[in-house]
> 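Let me begin by handing over the structure; questions about it come next.
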Amino acid sequence: MNNLKEIENFEIDCFLQAIHLRFGYDFSDYAKASLKRRIQYRLQQDGLNHISELIPRVLHDEAFFKRFLNDMSITVTEMFRTPLMFKSLRENIVDKLKTYPRINIWHVGCATGEEVYSMAILLHEEGLLEKTRIYATDYNRHSLELAQKGIFALQRMKNYNQAYQLAGGSSSFTDYYSAKYDGAKMKSFLKKRITFAHHNLISDQGFAQMHLIMCRNVLIYFNQQLQNRVLTMLGQSLLQRGFLIIGDKESLEFSPLLDEFDAIDAKLKMFQKRLVFNAG
Amino acid sequence: MPDKNTLFDAVVIGVSAGGLNALKVLCQHLPKNFLLPILIVQHQLQTEDDFLVQHLEKHCVIKVKLAVSTQCIEAATVYVSAAGYHLLVEEDKCLALSVDSPVNYSIPSIDVLFDSASDVYGQYLLGIILTGGSADGSRGLAHIVERGGHALVQSPEDADVDVMPIAAIKAVTAVNAAKLNVLSLAEIAIFLKELAPHER
Ligand SMILES: C[S@@+](CC[C@H](N)C(=O)[O-])C[C@H]1O[C@@H](n2cnc3c(N)ncnc32)[C@H](O)[C@@H]1O
């Protein structure tokens, strides 16, 4: 039994190595349990028995790799997910953002965009949207295209409306989209300040001069080592006193950032970078 | 019953409809010196997760925590799945969460926890299915048994909702009936009470 498990782990390593060599995507620091589920799912879908059978497939069939990439990038998301976080953002961070003439916000791992549009609505209601530039990035090109379109399933709007209310929405959620066929198209003024871009956290550099970074439910897929590397990069992308928000089930506890940030809301995982005085 | 020398490193519990009461009863009977970690997936609505932790804290003498990503599993602690996330166990015995599609219409899914925990704990895992109205967990429980672990299922007559126990009994029996005990909630509580971590 143990032997089987070892062989399987070995197969996974070989498979990931093949992907890395062939396509430059390094998944070796992704959290293994979830990664294994993804691989097994692909195995089932393709009617194969052993993980090692995926190796020739991925080496010779680029379409297969794209499918796997899609399996790996889990883009499940919602508008105003964790509404109380957005409420706290309004109450505890917005006033501080108001003091800046220009604001830069980065949504890391924006998936299909629901979180970014939620932010745009909040900023609009707080009178900040016009002076903000929002960067929304992901390594999944397909989900970025969907995000750019900004059309979401109509039947989800009722739940989103509830979340919007809980998030402290000050107007009516229906003002922000027009219903067409079975899709809800977000109003274009929300999109004007958003730039969608491809960015891979494993291989690409950070941005600079950010006032606020949201990276929610992305770190959970990484092992601690990769989490620390990414968090360090995000920390460096922030201005002094800039804000970092991670998912409410994620943590800075074991990362080097713990000493560099103060908690604005410890439960909702909202942090502020400490002011550091440079000597000399 | 598994023989007295078959001891465990961890317990996983899957429960759905009727779970608040069933978990309360199990918690009430855990002794102070209970050393194993217990990981629980309770199907629940979004936003309810703090509520479940608080509910169990009232009835448990050992620690109860909400499962958080990368937190490592400690002895004598009950971990409760967070609403809206799958709960998994990593090779290094730390917890992992994932936002993903539902499995068996559920997130968290019992199958997902049971599969990953049995990969890590193998024969030293005890899997328990309690009352519930879905078939989630039966495949995972069979997987635990396949990997040499042991299965307890609340007897259908004793459960508030018998769908989940019936499905679990069927799935495990198809794999290895010798590794299964069907017990009342009170008997499961006694079974847990008598557990201690094995010496290596
Ligand atoms: C579950 S979604 C989170 C969406 C949103 N932030 C939320 O919390 O609702 C995770 C996203 O992380 C992205 N992701 C995973 N690994 C990545 C990487 N290495 N670089 C960039 N994005 C990544 C996935 O493509 C996916 O869209």
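Chain A is the first sequence line, chain B the second, and so forth, proteins listed ahead of strands; every chain is numbered from 1.
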> Any residues in residues 129-140 of chain B near chain A, with a heavy-atom distance under 4.5 Å, and which are they?
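Result: none.
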
> Say whether, by atom type as modelled, one donor and one acceptor occur between the side chain of Lys5(A) and the main chain of Asp119(B) under 3.5 angstrom.
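Checked: pair present.
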
> Between Asn9(A) and chain B, which part of the residue has a heavy atom less than 4.5 Å away: side chain, backbone, both or neither?
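For Asn9(A), the side chain is the part near chain B, not the backbone.
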
> Enter the distance from Asp13(A):CG to Phe27(A):CZ here, rounded to the nearest 0.5 Å.
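Here the interatomic distance stands at 14.5 Å.
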
> Counting the benzene-type ring for Trp, do Phe222(A) and Tyr30(A) have ring centres under 6.0 Å apart?
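Ring-ring flag for Phe222(A)/Tyr30(A): true, centres closer than 6.0 Å.
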
> Filter on salt bridge (Lys or Arg N to Asp or Glu O under 4.0 Å), then keep only pairs touching residues 64-85 of chain B, sequence neighbours left out; what's left?
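Qualifying pairs, neighbours excluded: Lys63(B)-Glu74(B), Lys65(B)-Glu74(B).
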
> Do Asn200(A) side-chain atoms and Ile202(A) backbone N/O form a donor-acceptor pair below 3.5 Å?
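The answer is yes, because a donor-acceptor pair under 3.5 Å joins these two groups.
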
> Sequence neighbours left out, what passes ring pair (Phe, Tyr, Trp, His ring centres under 6.0 Å) with Phe173(A)? Give chain and number order.
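Per chain and number, Phe173(A) pairs via ring pair (Phe, Tyr, Trp, His ring centres under 6.0 Å) with Tyr164(A), Tyr177(A).
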
> Filter on salt bridge (Lys or Arg N to Asp or Glu O under 4.0 Å), then keep only pairs touching residues 107-118 of chain A, sequence neighbours left out; what's left?
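Matches after skipping sequence neighbours: Glu115(A)-Arg216(A).
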
> Please identify, among Glu253(A), Glu8(A), Arg38(A), the residue contributing the most non-hydrogen atom pairs under 4.5 Å to chain B.
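Top option by heavy-atom pairs under 4.5 Å: Arg38(A).
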
> As an exercise: rank Ser101(B), Ser98(B), Ser116(B) by heavy-atom pairs under 4.5 Å with chain A and give me the winner.
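Winner by heavy-atom pair count: Ser98(B).
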
> Using a cut-off of under 4.5 Å on heavy-atom pairs, state which of His86(B), Glu90(B), Gln71(B) scores highest against chain A.
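Result: the option with the highest number of such pairs is Glu90(B).
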
> Are the aromatic rings of Phe68(A) and Tyr25(A) close, with centres under 6.0 Å apart?
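Phe68(A) vs Tyr25(A): aromatic centres not under 6.0 Å.
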
